[in-house]
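Chain letters run A, B, ... following the sequence lines, proteins first, then strands; residues in each count from 1.
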2 protein chains.
Amino acid sequence: MGERGRYQTRQKEEIADFFRARPEQCVSAEEVHAALESNVGMTTVYRAVARLCEEGFLRRYAPQSTGEASLYQLNPCRESHLHIRCLDCGALAHLSCDVAHGFSDHLMHHHGFVLDEGQTVLYGRCQACAARRKTCAEEGREPVDDTAAKAT
Amino acid sequence: MGERGRYQTRQKEEIADFFRARPEQCVSAEEVHAALESNVGMTTVYRAVARLCEEGFLRRYAPQSTGEASLYQLNPCRESHLHIRCLDCGALAHLSCDVAHGFSDHLMHHHGFVLDEGQTVLYGRCQACAARRKTCAEEGREPVDDTAAKAT
DNA sequence: ATAATTGCAAACACTTTGCACCTGT
DNA sequence: ACAGGTGCAAAGTGTTTGCAATTAT
């Protein structure tokens, strides 16, 4: 990450490498901290991921409920397009289709909002999980919430 | 709110009324607390809104960034709709238009994803902030970040 | 040399919980 | 009477900040 006015340090490199080694995976600051055997302070982890997000190297997923931690993931791709994530299994799909772009245009022209695709993640259920939920509902039981929701 | 096994109290009524008086508006627990002149404890507010959400009377928006509070809104009708939030000023706009619904349908039919509008918040810049950013960029200065983030 | 970075401890903002006391039924 | 509700104070999250010491350039 050779930015001007920025020093390259062991900590930063280790954190960046950690994410590079796990593309697609979402991890919390705490997990990053725990994974780095060489002791890197939590503060540094937080500052590092914050910067890496600004630089577009990482992507951040805000916590869904209170008490949860934000999750960080290697930014899947440089070019900006929307992503949709499955709330059950964590699957991430890329939406670089005309309709998505058209939707973005619509937001700008009819709602006066310039959509920031890099900061936006749509949430929903993928086909498989949606089907599973439906089945569960029909059988009158609660859908299993395997909060294993990591990434793909 | 006549639920079995539940007592009707002044506090609960006042809180429910507060939201009924402001359909469409998103407010934090703190704002509810502050608005009720008769002193209702924060704890009670939190417990009340949590229950009202469970009952489907309110809708809750998880905080987008850390340190921010969850926002609660009267659940207008059962149908949900997308929201887009300004990353600069925090303005929140409701998108219950045909195009948004069409986009949701598209996601389902062409991408196999069932969009959960209640869990999704789009991020971008409102007209004013986008314009301000543009101006700032032209003048070569950094856009002022007035984190005044409230809601609509 | 000097500007950036680190990391501890303390501060923070929001939310939840323990618990003794009140209140609706 | 008693289940349910209230609210204070204290605890608990995850995250940020002050600041002196350290490190990269």
Side-chain angles (χ1 to χ4, degrees), chain A residues 1-18 26-55 57-73 147 149, chain B residues 1-18 26-55 57-73 90 121 145 147-151:
Chain A
M1 309 280 85
E3 248 62 27
R4 60 268 112 178
R6 302 222 165 131
Y7 300 165
Q8 187 180 13
T9 65
R10 171 182 68 84
Q11 292 89 332
K12 280 181 189 168
E13 274 308 303
E14 284 186 14
I15 292 169
D17 285 343
F18 176 85
C26 291
V27 288
S28 65
E30 174 54 47
E31 290 172 309
V32 175
H33 173 256
L36 302 178
E37 56 301 311
S38 59
N39 24 316
V40 175
M42 272 307 290
T43 309
T44 302
V45 172
Y46 275 113
R47 282 193 277 232
V49 295
R51 174 157 299 167
L52 291 171
C53 283
E54 280 173 15
E55 293 170 352
F57 179 75
L58 290 185
R59 171 180 280 274
R60 174 189 156 160
Y61 298 100
Q64 286 302 143
S65 3
T66 318
E68 280 181 26
S70 290
L71 298 181
Y72 303 88
Q73 174 191 37
T147 317
Chain B
M1 309 274 81
E3 247 61 28
R4 61 265 108 179
R6 302 217 166 136
Y7 300 164
Q8 187 179 14
T9 66
R10 172 183 67 84
Q11 292 89 332
K12 281 182 189 169
E13 274 308 303
E14 283 186 14
I15 292 169
D17 285 344
F18 176 84
C26 293
V27 289
S28 65
E30 173 55 46
E31 289 171 310
V32 175
H33 174 254
L36 302 178
E37 57 300 309
S38 60
N39 22 316
V40 175
M42 273 306 291
T43 308
T44 300
V45 173
Y46 276 114
R47 283 194 275 232
V49 294
R51 171 157 299 168
L52 290 171
C53 282
E54 283 173 15
E55 294 171 352
F57 180 74
L58 291 185
R59 189 177 155 78
R60 173 188 158 163
Y61 299 101
Q64 29 146 22
S65 352
T66 318
E68 280 184 23
S70 290
L71 299 180
Y72 304 87
Q73 174 193 37
V121 180
D145 186 0
T147 315
K150 282 294 97 164

Asks: Do the side-chain N or O atoms of B:Q11 get closer than 4.0 angstrom to the phosphate oxygens (OP1, OP2) of D:dG7?
Replies: yes
Asks: What is the distance, rounded to the nearest whole Å, between atom CD of A:Q8 and atom C1' of D:dA24?
Replies: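 Computing the A:Q8:CD to D:dA24:C1' distance gives 9 Å.
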Asks: Taking for each residue the nucleotide of DNA chain C with the nearest heavy atom, is it B:R60 or B:T9 whose nucleotide lies nearer the 5' end?
Replies: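 The residue closer to the strand's 5' end, by nearest nucleotide, is B:R60.
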Asks: Is it the case that the base of D:dG7 and the side chain of B:R47 share a donor-acceptor contact (distance under 3.5 Å, atom types as modelled)?
Replies: yes
Asks: Would you mind reading off the distance between B:H33 atom NE2 and D:dT6 atom P, rounded to a whole angstrom?
Replies: 13 Å
Asks: Under 4.0 angstrom, heavy atoms only, what part of the nucleic acid is B:E30 near: base, sugar-phosphate, or nothing?
Replies: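 Since no nucleic acid heavy atom lies under 4.0 Å of B:E30, the category is nothing.
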Asks: So how far is it from A:K12 NZ to A:R51 CZ, rounded to the nearest 0.5 Å?
Replies: 5.0 Å
Asks: D:dT17 C1' sits how many Å from A:R51 CZ, rounded?
Replies: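 It is 15 Å, rounded to the nearest whole Å.
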Asks: Using chain B heavy atoms and a threshold of under 4.0 Å, write down where along DNA chain C the contacts begin and end, 5' to 3'.
Replies: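 For DNA chain C, the relevant span reads C:dA13 to C:dT25.
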Asks: Working to the nearest 0.5 angstrom, can you tell me the gap between A:Y72 OH and A:F57 CZ?
Replies: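 Reported to 0.5 Å precision, the distance equals 14.5 Å.
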Asks: With no hydrogens and no angle check, is any side-chain donor or acceptor of B:E13 less than 3.5 Å from a backbone partner on B:R10?
Replies: no
Asks: Starting at CD1 of A:I15, measure out to OG1 of A:T9 and round the result to the nearest 0.5 Å.
Replies: 7.5 Å
Asks: Taking B:S28's backbone N and O only, do any of them form a donor-acceptor pair with B:E31's side chain (distance below 3.5 Å, no angle check)?
Replies: yes
Asks: So does A:Y46 get a side-chain nitrogen or oxygen closer than 4.0 Å to the phosphate oxygens (OP1/OP2) of D:dT15?
Replies: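 The answer is yes; a side-chain N or O of A:Y46 sits under 4.0 Å from OP1 or OP2.
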Asks: Apply side-chain contact (heavy atoms from CB on, under 4.5 Å) to residues B:E14 and B:D17 and explain how you reach the verdict.
Replies: CA-CA 5 Å; B:E14 283 186 14; B:D17 285 344; 5.6 Å; no
Asks: Here's a test of your reading of the structure: between B:R10 and A:N39, which maps to the more 5' nucleotide of DNA chain C?
Replies: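 Its nucleotide being nearer the 5' end, the pick is A:N39.
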Asks: Is a side-chain donor or acceptor of B:H33 paired with a backbone partner of B:G41 at a separation under 3.5 angstrom?
Replies: no
Asks: Contact class for B:S70 vs. all strands (heavy atom < 4.0 Å): base, sugar-phosphate, or nothing?
Replies: sugar-phosphate
Asks: Separation of B:M42 atom CE from D:dG12 atom P, in whole Å?
Replies: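 Value for this atom pair: 19 Å.
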